[in-house]
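Report on the structure given below.
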Amino acid sequence: MALYSEKVMDHFRNPRNVGVIEDANGIGEVGNAKCGDIMKMYLKIEDDIIKDVKFETFGCGSAIASSSMATELIKGKPVADAMKLTNQAVAEALDGLPDYKMHCSVLAEEAIKSALDDYHKRTGE
Ligand code: FES
């Protein structure tokens with residue numbers, strides 16, 4: 001059996017929403033001290049909707065695939081839905097990750113939560 005699903009390989013090879021949003025109003029950066037991977041998320045939120053989301057990930061293939069899938073899952077969604085995104089949902093959408101790679105999906109959840117925190121701080125909510 002292949003170690004990684006086709007979806008993981010697809011999002012690793014062709015990551016969606018890579019880059020920077022210059023006028024982002026929510027930015028979050030997180031890292032995992034053990035593996036040294038770093039993930040940065042940019043959100044552009046208007047009228048409580050995630051209008052745009054981009055990421056930069058310095059990390060492993062699963063971290064890149066997780067960031068890519070996470071951005072796809074929250075793009076166009078209300079902020080309240082993005083707040084509920086879990087790493088399990090990211091991993092499931094990727095048709096699974098090996099157990100020892102689950103922390104890569106946790107990083108994606110944390111990066112989005114951190115960007116949403118930043119947005120809430122900026123807007124004083
Ligand atoms: Fe740490 Fe993938 S090995 S995020």
Side-chain angles (χ1 to χ4, degrees):
M1 201 191 93
L3 195 53
Y4 294 108
S5 73
E6 273 175 36
K7 274 199 193 159
V8 172
M9 293 311 291
D10 177 36
H11 279 262
F12 165 58
R13 290 199 181 106
N14 310 294
R16 315 332 183 234
N17 309 308
V18 175
V20 174
I21 300 176
E22 295 296 345
D23 60 343
N25 52 4
I27 299 175
E29 186 172 330
V30 293
N32 181 300
K34 272 198 188 142
C35 64
D37 289 4
I38 297 167
M39 210 179 269
K40 194 164 180 181
M41 283 279 168
Y42 300 84
L43 300 175
K44 180 72 190 169
I45 299 171
E46 276 168 31
D47 300 327
D48 235 29
I49 300 287
I50 315 276
K51 291 278 183 204
D52 200 9
V53 47
K54 290 205 187 299
F55 76 90
E56 293 176 306
T57 291
F58 179 83
C60 73
S62 299
I64 291 166
S66 295
S67 331
S68 169
M69 182 54 88
T71 59
E72 289 279 275
L73 290 174
I74 64 162
K75 201 171 185 175
K77 297 272 167 59
V79 168
D81 286 10
M83 304 254 296
K84 287 189 221 135
L85 183 77
T86 62
N87 79 295
Q88 281 95 345
V90 173
E92 269 168 34
L94 287 168
D95 289 339
L97 284 169
D99 280 352
Y100 65 95
K101 284 287 178 181
M102 280 304 280
H103 80 270
C104 315
S105 62
V106 171
L107 214 53
E109 177 191 326
E110 287 176 353
I112 286 174
K113 296 249 157 82
S114 161
L116 287 167
D117 272 358
D118 181 48
Y119 168 73
H120 285 130
K121 270 186 208 132
R122 290 180 196 219
T123 53
E125 280 173 40

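Excluded from the calculations below are hydrogen atoms, water molecules and symmetry mates; all remaining heavy atoms, backbone and side chain alike, are included. Read the numbers this way: they start at 1 and go in the same order the structure lists the ligands and their atoms.
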Between Glu56 and Tyr42, is there a side-chain donor-acceptor contact under 3.5 Å, judged purely by atom types and distance?
yes
Are any of the side-chain heavy atoms of Lys75 and Asp52 separated by less than 4.5 Å?
yes
Restricting to under 2.8 Å, identify the protein N, O or S atoms around atom 2 (Fe) of ligand 1 as residue plus atom.
Cys60 SG, Cys104 SG
Set of residues satisfying side-chain hydrogen bond (donor to acceptor under 3.5 Å, both in side chains) with respect to Glu109, sequence neighbours excluded
Lys113
So do Pro98 and Tyr4 actually touch side chain to side chain, heavy atoms under 4.5 Å?
yes
Show, in sequence, the C-alpha distance, side-chain angles and deciding distance for His120 and Val79, and conclude whether the side chain to side chain contact (heavy atoms under 4.5 Å, CB included) test is met.
CA-CA 10 Å; His120 285 130; Val79 168; 4.0 Å; yes
Hey, does Leu97 have a side-chain heavy atom less than 4.5 Å from the side chain of His103?
no
